[in-house]
Engineer: 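Submitted below is the structure of interest, expressed as structure tokens.
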Amino acid sequence: MAQFSQKRGKRHDDDVWGSAVDFLLANARLVLGVSGAAMLGIATLAVKRLIDRATSPQDEDDIKGDATCREDSWKELSLLKATPCQQPRSSPAALSHPVLLSAPSLVAPEGPADADPQPAPQLSSPAPLCLTFQERLLAYERDRVSIPVSHVALAKQLAGDIALELQAYLQSKFPELPFGALVPGGPLYDGLQAGAADHVRLLVPLVLEPGLWSLVPGVDTVARDPRCWAVRRTQLEFCPRGSSPWDRFLVGGYLSSRVLLELLRKALAASVNWPAIGSLLGCLIQPNMASEELLLEVQNERLEFTVAVLLVVTGADTEDRLLLAWPLEGVAGNFWLQDLYLAEAARLRALDDHDLGTRRRLLLLLCSVCQGHPALRQLSRSHLTQVVLRLGEEDVNWAEEALGTRFLQAVELLIGSLEQASLPCHFNPAVNLFDSLHPQEIDDMGYALYFGLQTPEGLL
């Protein structure tokens, strides 16, 4: 009976608080406007939640409700659609003149006519003007995103030398396997590198015999995964197993990406003499064994970067598809992941060249901001590329002076996608790129982006 009375009292208090919050927000919207009402609503809800936690004992229903309370709160707050408060801008003519501080009138004391004149007092320097978000964003791009040209050239040179050394090793270690020419590439080569966040991609092509292999979409396999493809061995009645050097990597009649990854991982970790290669190239090269990907950490006295070694399928009627050996989970572990990086980079370049836009600059800014924010690091380049592509197709102003506006629109689009837990791939809408994220990660990112939308400078 006491517990029931306690719950009834708590519900009565909640009703009183709810009525008070509704009354306060309804009147605040009239007095303060939408932006002020939104910020007041955030503060009121936060104070109410602190008081509830401090004064009310949690029963079993409260403990279960806490798991969803945080998830729902930022989604409810986003309905307010508050916009960041813009400070009034002075006219261009006023901004072109320095702001002088008013000084008290100085009267020269009476004295002899030939007396030395008193030196005029020195006025203090004018106070700096407040920077707009656009100006802060451009300063952030200059200081945190741009990479020196000398560093880019050095990284490309080292990546090319590593590719030559690794290709010579593969030819001597596996002479029976027809590997193609190793090609370095990636964001660094396409002008899409934001700091050291992205890896240099070193593609290791597998040259498959024409007519002996065919591709099967992942949705037509037991995996039902639209992201991947299966490489099936064919013509077994005319060319039985053993006719192709790649037949030793078959699993269930399909070329296994997992078996090939393990083969190359062991070779990179145990067989390649990286200390000797690094000494020859003037750098330190170490394989990263903690990652499921094949990564090489490269350290030079001037820079550090990572090389991702990617096995790719080519020459098997791929129709210009790029299929990567990727550490997939579950029944799709032996399949190949379709890589859309080249198509995405080409589309962004074509859109920017059409109207001299800043879509690629926006992508660099978003990548740098998310990599530097603890709650947003789960947003990868692939996620952010889809956001920029979706915005980039709109017929709006993409000139440099609109970069700040486009940045805020990208944040709003991300918030909306997180609310729905859905981010379709631009070139394959059947793929939801948020499927790999946990609900708690989505919740944390939603909070960070929503409050970042209120004060965008805090994201930089």
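Residues take their numbers from the sequence shown, with the count starting at 1.
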Engineer: With side-chain contact (heavy atoms from CB on, under 4.5 Å) as the test, would you mind laying out the steps for D352 and W398 before giving the verdict?
Structural biologist: CA-CA 8 Å; D352 278 347; W398 280 98; 5.7 Å; no

Engineer: When rounded to the nearest 0.5 angstrom, what is the spacing between CG in L366 and CZ in R406?
Structural biologist: 12.5 Å

Engineer: Could you report the tightest heavy-atom contact between L433 and S382, atom names first, then the distance?
Structural biologist: CD1-O, 3.8 Å

Engineer: Can you find a pair of side-chain heavy atoms, one from S257 and one from W326, that are under 4.5 Å apart?
Structural biologist: no

Engineer: Roughly how far, to the nearest 0.5 Å, is the SG atom of C283 from the CD atom of Q299?
Structural biologist: 9.5 Å

Engineer: How far apart are the C-alpha atoms of F407 and L137, what are their side-chain angles, what is the distance that settles it, and do they pass the side-chain contact (heavy atoms from CB on, under 4.5 Å) test?
Structural biologist: CA-CA 9 Å; F407 182 92; L137 194 64; 4.0 Å; yes

Engineer: So L154 and L303, do their side chains get closer than 4.5 Å, heavy atoms only?
Structural biologist: yes

Engineer: Between the main-chain N or O of D198 and the side-chain N or O of Q193, is there a donor-acceptor pair closer than 3.5 Å?
Structural biologist: yes

Engineer: How about R227: does its CZ atom have over 12 heavy atoms from other parts shown lying under 6.0 Å from it?
Structural biologist: no

Engineer: Side chains of V204 and V312: does their closest heavy-atom pair fall under 4.5 Å?
Structural biologist: no

Engineer: Could you walk me through whether T385 and Y341 pass side chain to side chain donor-acceptor pair (under 3.5 Å), step by step?
Structural biologist: CA-CA 9 Å; T385 301; Y341 167 77; over 6 Å; no

Engineer: Write down the atom of A269, the atom of P287, and the distance for their closest heavy-atom approach.
Structural biologist: CA-CG, 4.3 Å

Engineer: Is there a donor in the side chain of D444 and an acceptor in the side chain of Q440, or the other way round, less than 3.5 Å apart?
Structural biologist: yes

Engineer: Could you check whether any side-chain heavy atom of M289 comes within less than 4.5 Å of a side-chain heavy atom of L295, counting everything from C-beta outward?
Structural biologist: no

Engineer: Rounded to the nearest 0.5 Å, what's the gap from CG on L340 to CD on Q338? Could you check?
Structural biologist: 5.0 Å

Engineer: If you define the side chain from C-beta out and look only at heavy atoms, does anything of F133 sit under 4.5 Å from L460?
Structural biologist: yes

Engineer: Restricting to non-hydrogen atoms, name the atom on R359 and the atom on V388 that form the minimum distance, rounded to 0.1 Å.
Structural biologist: O-CG1, 3.5 Å

Engineer: Check whether any side-chain heavy atom of L202 sits under 4.5 Å from a side-chain heavy atom of L310, and report yes or no.
Structural biologist: no

Engineer: Count the heavy atoms belonging to other residues, nucleotides or ligands that lie under 6.0 Å from CD of E329, then report whether that count exceeds 12.
Structural biologist: no

Engineer: Before accepting this row, confirm whether a basic side-chain N of the pair R201/D339 lies closer than 4.0 Å to the acidic partner's carboxylate O.
Structural biologist: yes

Engineer: Side chain of E135, backbone of T132: donor and acceptor closer than 3.5 Å?
Structural biologist: yes

Engineer: Looking only at heavy atoms, what is the nearest atom pair of H383 and L423, with distance?
Structural biologist: O-CD2, 3.6 Å

Engineer: Would you name the heavy atoms of V251 and S256 that are closest together and state the gap between them?
Structural biologist: CG2-CB, 3.6 Å

Engineer: Might you point out which heavy atoms bring E292 and P327 nearest each other, and give the distance in Å?
Structural biologist: OE1-CB, 3.5 Å

Engineer: Measure the shortest side-chain to side-chain distance between L389 and F427 over non-hydrogen atoms and say whether it is less than 4.5 angstrom.
Structural biologist: yes

Engineer: Using a 4.5 Å cut-off on heavy atoms from C-beta on, say whether the side chain of L364 contacts that of C367.
Structural biologist: no

Engineer: State whether a side-chain donor-acceptor pair under 3.5 Å links E297 with T306.
Structural biologist: yes

Engineer: Considering residues, nucleotides and ligands other than R265, do more than 12 of their heavy atoms fall under 6.0 Å from its CZ?
Structural biologist: yes

Engineer: Distance check, rounded to the nearest 0.5 Å: N334 atom CG versus L255 atom CG?
Structural biologist: 9.5 Å

Engineer: For R347, is there an ion pair with E393 - N to carboxylate O distance below 4.0 angstrom?
Structural biologist: yes

Engineer: Assess whether side chain to side chain donor-acceptor pair (under 3.5 Å) is satisfied between Q386 and E344, documenting all intermediate values.
Structural biologist: CA-CA 8 Å; Q386 307 310 312; E344 294 167 349; 2.7 Å; yes

Engineer: Run L337 and W229 through side-chain contact (heavy atoms from CB on, under 4.5 Å) and show every step you take.
Structural biologist: CA-CA 6 Å; L337 181 69; W229 292 72; over 6 Å; no

Engineer: With a 6.0 Å cut-off on the ring centroids, do H199 and F305 count as close?
Structural biologist: no

Engineer: How far does CG of D435 sit from CG of D225, to the nearest 0.5 angstrom?
Structural biologist: 9.0 Å

Engineer: Take L138 and R361 through the side-chain contact (heavy atoms from CB on, under 4.5 Å) test and state the conclusion after the steps.
Structural biologist: CA-CA 10 Å; L138 294 178; R361 292 174 63 182; 3.6 Å; yes

Engineer: Starting at CG of L311, measure out to CG of L294 and round the result to the nearest 0.5 Å.
Structural biologist: 6.5 Å

